[in-house]
Amino acid sequence: MDLPSQPPASRRPGARRAARLPVVALTTLTLLLTAGLSPATATEGQWLNEGGPARSAEAMASDWFRGDNYQFVRGEDNQIWWRYANGSWRVMPGNGRTHHRPEVTVIEDEAGPHLVVFHTGDNGEVYYSLLGGAAGNIWSPWTQLGHVGTSNGISAAGFRNSARLTTVVGDRVWVAEMTMSNGRVTTGPYWRPQTHPRVFTASRYIHAPIITNDGVSIAREVELMDAIIGWDRNVWISHTSLDNFTNATYAAVPGNAQCESVSLGRGGPEQLVTDRNNPAWRAQRNVVLGCISPNDHQLWLNRSTDGGYTWQGWNHSTGGPSPSDAAPSIEGAPGGEVFAGISWGNDTAPFSRHMVVNKRVL
């Protein structure tokens with residue numbers, strides 16, 4: 001990754017990463033999007049260069065932390081590059097290398113919020129690093145998060161003092177939890193296979209914590225929302241209790257969108273709001289699924305405004321082409337807006353291959 005010292009200021013205003021993230025592309029799958037789907041309910045923006053000079057074969061991962069936007073990419077050299085507040089790109093210390101997009105989330109404990117980055121190493125193990133000082137590029141040493149041995153990437157969703165993580169080993173989804181207290185990792189790490197279902201192949205599993213729709217049970221007010229590619233190659237989702245997030249029950253997303261990759265994200269603040277009288281409660285219920293078709297290698301979208309319980313139908317991304325050979329990213333903003341990002345998949349104008357671009361989609 002050949003980066004100048006100071007990239008242009010091209011970051012969209014107000015964007016944050018939803019807990020969500022990227023999915024490993026499956027080159028052998030087919031997309032059979034049905035006709036007659038409902039029209040998009042949001043006016044999409046145009047694709048913009050989000051990463052400045054950065055080039056990556058994957059979409060970008062980002063999150064808001066202490067008022068600044070932190071962005072991470074896997075460089076074309078397989079090193080993990082990062083920047084914050086739209087500043088210059090730097091390599092994370094510690095010689096971490098990956099063939100997958102890194103993950104980032106925020107955990108908040110008694111000592112305050114902590115920015116945590118995860119990646120899958122060349123040996124198939126998952127590692128994490130904690131930010132110690134942004135200006136000095138200070139990070140804790142890469143620490144292995146138990147033993148899992150995956151050939152896929154990692155996804156992470158932070159909620160209060162813990163991060164829920166997922167990966168795929170063989171045809172099973174494996175989950176883990178990292179808990180922090182007073183700035184130190186205190187629980188785990190451990191990995192367990194999810195009881196249901198098996199995935200089709202080396203599909204990537206992603207999730208985002210959201211508010212439930214039952215409106216009755218306080219115990220179920222906060223859940224994980226999970227998305228996978230199932231045995232039938234369709235996109236399946238579940239709403240899973242934080243108390244037992246290995247026991248997931250999935251339902252197929254209507255529309256039979258059989259994808260080579262899928263990503264999921266929500267709007268609203270990073271730390272969930274449980275007060276239904278708070279405007280942020282509704283903002284965090286804006287959810288978008290992003291899917292790359294193996295037929296045209298373009299981005300397809302499905303939107304929900306009730307926390308992923310009902311969906312508006314699959315639609316092709318509007319406003320020009322969206323070529324990509326890798327999974328998209330779906331990210332949110334505190335006000336409830338949702339953005340899609342991709343690694344540009346060819347050399348057609350207005351971008352060159354592997355530029356990191358994004359647009360508003362809800």
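Sequence positions, counted from 1, serve as the residue numbers for this chain.
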Tell me, please, which residues at least two apart from Y70 pass ring pair (Phe, Tyr, Trp, His ring centres under 6.0 Å).
F65, Y84
Test of understanding: with ring pair (Phe, Tyr, Trp, His ring centres under 6.0 Å), list the residues that count as partners of H316, not counting sequence neighbours.
W300
Taking side chain as C-beta onward, heavy atoms only, is Y128 less than 4.5 Å from L165?
no
Determine whether S181 and T186 satisfy the following criterion, side chain to side chain donor-acceptor pair (under 3.5 Å), listing intermediate values before the conclusion.
CA-CA 6 Å; S181 178; T186 59; 5.3 Å; no
Under the side-chain contact (heavy atoms from CB on, under 4.5 Å) criterion, do V287 and L264 qualify, and how do the steps go?
CA-CA 7 Å; V287 181; L264 166 70; 3.3 Å; yes
How would you list all residue pairs meeting salt bridge (charged side-chain N to carboxylate O under 4.0 Å, His left out) that involve residues 250-259, not counting sequence neighbours?
none
Please report the closest heavy-atom contact between E58 and H100, naming both atoms and the distance.
OE2-CA, 3.6 Å
Under the 3.5 angstrom rule, does the side chain of R276 hit a backbone N or O of P279 as a donor-acceptor pair?
no
Mind checking whether H114 and E108 have side chains closer than 4.5 Å, heavy atoms only?
no
How would you list, by chain and number, every residue that makes a side chain to side chain contact (heavy atoms under 4.5 Å, CB included) with R353, sequence neighbours excluded?
D325, N346, D347
Check against side-chain contact (heavy atoms from CB on, under 4.5 Å), I330 and L289
CA-CA 7 Å; I330 304 295; L289 282 164; over 6 Å; no
Is the backbone N or O of G51 less than 3.5 Å from a side-chain atom of W89, with the two atoms forming a donor-acceptor pair by type?
yes
Verify side chain to side chain donor-acceptor pair (under 3.5 Å) between N256 and W314, making sure each step is shown before the conclusion.
CA-CA 9 Å; N256 195 33; W314 290 98; over 6 Å; no
Please check: side-chain N/O of H297 versus main-chain N/O of N295, any donor-acceptor pairing under 3.5 Å?
no
In chain order, what residues pass the ring pair (Phe, Tyr, Trp, His ring centres under 6.0 Å) check against W191, with sequence neighbours excluded?
none
Smallest separation among heavy atoms of R90 and G136, with atom names
NH1-C, 4.2 Å
E177 and R164 ion-paired at < 4.0 Å:
yes
For V168, which of V148, N152, I228 qualifies under side-chain contact (heavy atoms from CB on, under 4.5 Å)?
N152
Within-4.5 Å side-chain heavy-atom neighbours: M178 and I107
yes
Say whether, by atom type as modelled, one donor and one acceptor occur between the side chain of S263 and the main chain of P328 under 3.5 angstrom.
yes
Please verify the inter-ring angle class for H239 with Y309; under 30° counts as parallel, over 60° as perpendicular, anything in between as tilted.
parallel
Can you name the closest pair of heavy atoms from L115 and F72 and give their distance?
CD2-CZ, 4.1 Å
Test of understanding: with side chain to side chain donor-acceptor pair (under 3.5 Å), list the residues that count as partners of T98, not counting sequence neighbours.
none
Could you give the distance from CG (L131) to CD1 (I138), rounded to the nearest 0.5 Å?
8.5 Å
Side chain to side chain contact (heavy atoms under 4.5 Å, CB included) filter on S317, not counting sequence neighbours, yields E44, W47, L299, L301, S322, K359
Report the C-alpha distance between H119 and M92 in whole Å, list the side-chain angles of each, state the deciding distance to 0.1 Å, and finish with yes or no for side-chain contact (heavy atoms from CB on, under 4.5 Å).
CA-CA 12 Å; H119 80 275; M92 284 188 65; over 6 Å; no
Does R83 count as lying over the ring of W81, i.e. NZ or CZ under 6.0 Å from the six-ring centre, within 45 degrees of the axis?
no
Residues that R360 engages under side chain to side chain contact (heavy atoms under 4.5 Å, CB included), provided they are two or more places apart
E337, F339
For H354, the side chain to side chain donor-acceptor pair (under 3.5 Å) test, sequence neighbours excluded, returns E76
Any sub-3.5 Å donor-acceptor pair from S324's side-chain atoms to G345's backbone N or O?
no
Nearest atoms (heavy-atom pairs only) where V338 meets G267:
CG2-N, 3.7 Å
Tell me, do R101 and S56 make a side-chain contact under 4.5 Å, heavy atoms counted?
no
Any side-chain heavy atom of M60 sitting closer than 4.5 Å to one from S329?
no
Do the side chain of S304 and the main chain of T310 share a donor and acceptor less than 3.5 angstrom apart?
yes
Can you measure from OG1 (T166) to CD (Q194) and round to the nearest 0.5 angstrom?
8.5 Å
Any sub-3.5 Å donor-acceptor pair from N161's side-chain atoms to T179's backbone N or O?
no
Taking side chain to side chain donor-acceptor pair (under 3.5 Å) as the test, write out the residues that go with D122, two or more places apart.
H99
Look at the side chain of E110 and the backbone N and O of N182, then say whether any donor-acceptor pair between them is shorter than 3.5 Å.
yes
Does atom CZ of R97 have more than 12 heavy-atom neighbours, drawn from other residues, nucleotides or ligands, at distances under 6.0 Å?
yes
I would like to know whether E103 and T105 meet side-chain contact (heavy atoms from CB on, under 4.5 Å); could you show each step before the answer?
CA-CA 7 Å; E103 268 291 333; T105 195; 5.8 Å; no
Results of side chain to side chain donor-acceptor pair (under 3.5 Å) for N278 - residues two or more places apart only
none
Shortest non-hydrogen contact between A252 and W236, atoms and distance
N-CE3, 3.4 Å
Enter the distance from E260:CD to S293:OG here, rounded to the nearest 0.5 Å.
7.0 Å
Contact check, side chains of Q71 and E50, non-hydrogen atoms, under 4.5 Å:
yes
So, for A257 and V235, which heavy atoms are closest and what is the spacing to 0.1 Å?
O-CG2, 3.6 Å
Donor-acceptor pair, distance only, cut-off 3.5 Å: does the side chain of W139 make one with the backbone of V116?
no
Can you find a pair of side-chain heavy atoms, one from W344 and one from S352, that are under 4.5 Å apart?
no
Is there a side-chain contact between W82 and V117 (heavy atoms, below 4.5 Å)?
no
My understanding is that only residues two or more places apart in sequence, or in another chain, count here; which of them pass side chain to side chain contact (heavy atoms under 4.5 Å, CB included) with Q144?
E125, Y127, H147
For the CG atom of N234 and the SG atom of C259, what is their distance to the nearest 0.5 Å?
7.5 Å
Exam field: side chain T120 to backbone V126, donor-acceptor pair closer than 3.5 Å
no
